[in-house]
Amino acid sequence: MTTSKILVPLDGLPPSRVALRHALALAKRSGDTEVLGLHVIDREALSGFFFEALEREAETIGETAKGIRDREFPDAKFSFSVVHGDPVDDILARLASCDLAIMGTHGRKGFDRLALGSVTELVIRSSTKPIIALRMTDQDSAKLDKEPSYKSMLVAFDNSDPCKAFVSKTIPGLLKILQTETITLFHAVELPEWDEWDKETARKDAQEMMDDAAQTLEKVLKEQNVSTEVKTKVDLLGSEVHPSEVIAAETEKADGLFIATHGRRGLERVLLGSTAEQILRTIGKGIPVVLPGRKSM
């Protein structure tokens, strides 16, 4: 049996410890998943007193992480390592040999840091592997520090080629790791003020598209021996409602969200006011958002 590997970058802040608990919980439940904790000491700070302080901090981070595993998830496979270098480059290098990463986002504006060059955002931009991002502030992390569930997941589906590739190529393997029981493909259709006949025609066309996507996913899941149930849902929206609002509301009913973006610049659209970016800013704190990684679609 092949062991799945989850990378968790650790910086000593509460959001990264929440991410660690998510990963350890998955490893505990699956039995064949290994969690790799990683702390990167920025090489630009490697001098004199600061070097010794950073080394002590890294040791403390490792001890804290191992303590969480020993106390709360004793059966989970876990290892911790420290490297000296560039945080983004070294995370990406380790992630290349893993199945996914789980990262907590922090800062004064939580996921707004995606627009300000955070490590998480830079990793997502360049990663070839999916990332589970947990939006929270340090203050939020205390109430979110609990064993997670990924039983019911939502997919923001738009029928673009990147999205279809994400659903058929990446999501099936993740569902097995996450032990997801139900996945719902959700499509929000923006409509002008048409008459009822046009709306019903649009709904029918959208549902046929979603049924095709569901059948494709079900076929892949069967081939990979994944037992997740696939559902679909279509919502027609008036011009006064933005898709991000509806998708965020639907996500609140699930345990997490899969979201892919499209357009000339792929996942970079997250930084440029896309529907995906607005969803990330709107959803409730602590809800896992699974992003494909720019180069994985």
Side-chain angles (χ1 to χ4, degrees), residues 2-13 15-24 26-27 30 32-47 50-51 53-66 68-69 76-107 113-114 116-134 162 165-166 169-171 173-174 177-178 260-261 265-268 270-271 288-297:
T2 303
T3 299
S4 301
K5 294 183 179 181
I6 302 175
L7 180 69
V8 182
L10 297 168
D11 59 8
L13 295 173
S16 73
R17 292 197 290 272
V18 175
L20 176 63
R21 284 186 167 89
H22 272 246
L24 290 172
L26 293 172
S30 72
D32 60 351
T33 298
E34 180 182 2
V35 177
L36 308 179
L38 174 67
H39 178 68
V40 183
I41 299 178
D42 196 328
R43 59 171 170 260
E44 294 184 2
L46 297 180
S47 61
F50 293 105
F51 173 78
L54 291 173
E55 287 284 345
R56 290 195 298 271
E57 179 185 45
E59 183 177 348
T60 299
I61 290 172
E63 291 174 351
T64 299
K66 292 174 183 176
I68 291 173
R69 192 282 306 271
K77 299 176 183 177
F78 175 72
S79 63
F80 175 77
S81 60
V82 178
V83 297
H84 303 84
D86 178 84
V88 174
D89 289 345
D90 283 291
I91 289 172
L92 289 170
R94 294 297 177 95
L95 182 53
S97 60
C98 296
D99 295 278
L100 73 151
I102 302 181
M103 302 180 70
T105 69
H106 55 82
R113 291 293 299 163
L114 279 173
L116 299 174
S118 70
V119 170
T120 299
E121 180 265 326
L122 292 172
V123 170
I124 291 171
R125 272 192 175 195
S126 302
S127 175
T128 61
K129 301 296 177 68
I131 312 289
I132 297 179
L134 300 169
F166 183 41
K169 297 179 181 179
T170 304
I171 286 181
L174 293 177
I177 296 173
L178 300 178
T261 62
R265 302 179 69 188
L267 202 56
E268 290 182 13
V270 169
L271 308 177
V289 178
V290 187
L291 298 148
R294 180 186 173 191
K295 298 180 181 179
S296 67
M297 296 185 293

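Residue numbers run from 1 in the order of the sequence given.
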Derivation of the side-chain contact (heavy atoms from CB on, under 4.5 Å) call for Asp99 and Ile6: CA-CA 6 Å; Asp99 295 278; Ile6 302 175; 5.9 Å; no

Return the [atom1] to [atom2] distance between [X] and [Y], rounded to the nearest 0.5 Å.
X: Lys5; Y: Asp32; atom1: NZ; atom2: CG; answer: 13.0 Å
X: Ser4; Y: Lys77; atom1: OG; atom2: NZ; answer: 9.5 Å
X: Leu95; Y: Ser126; atom1: CG; atom2: OG; answer: 11.0 Å
X: Ile124; Y: Leu291; atom1: CD1; atom2: CG; answer: 4.5 Å
X: Asp11; Y: Arg17; atom1: CG; atom2: CZ; answer: 9.0 Å

Worked check of side-chain contact (heavy atoms from CB on, under 4.5 Å) between Met103 and Val119: CA-CA 10 Å; Met103 302 180 70; Val119 170; 4.3 Å; yes

side-chain contact (heavy atoms from CB on, under 4.5 Å) assessment of Leu10 paired with Phe80: CA-CA 9 Å; Leu10 297 168; Phe80 175 77; 4.0 Å; yes

Short side-chain donor-acceptor distance under 3.5 Å, Glu55 and His84: yes

Non-hydrogen atoms of Ser16 and Pro9 that approach each other most closely: CB-O, 3.7 Å

Closest non-hydrogen atom pair between Ala58 and His39, with its separation: CB-CD2, 3.5 Å

Side-chain touch [X]/[Y], heavy atoms, less than 4.5 angstrom:
X: Ser79; Y: Leu36; answer: yes
X: Phe78; Y: Lys66; answer: yes
X: Val8; Y: Val35; answer: yes
X: Arg21; Y: Ile68; answer: yes
X: Leu26; Y: His22; answer: no

Side-chain donor or acceptor of Lys129 paired with backbone N/O of Leu100 under 3.5 Å: no

side-chain contact (heavy atoms from CB on, under 4.5 Å) assessment of Ile102 paired with Leu134: CA-CA 8 Å; Ile102 302 181; Leu134 300 169; 4.1 Å; yes

Identify every side-chain donor-acceptor pair in residues 85-93 under 3.5 Å, counting partners at least two apart or on other chains, and give the distances.
| unit_1 | atom_1 | unit_2 | atom_2 | d |
| --- | --- | --- | --- | --- |
| Asp86 | OD2 | Val88 | N | 3.2 |
| Asp86 | OD2 | Asp89 | N | 2.9 |
| Asp90 | OD2 | Asp86 | N | 3.0 |

Partner residues of Ser81 under the side-chain hydrogen bond (donor to acceptor under 3.5 Å, both in side chains) criterion, sequence neighbours left out: Arg94

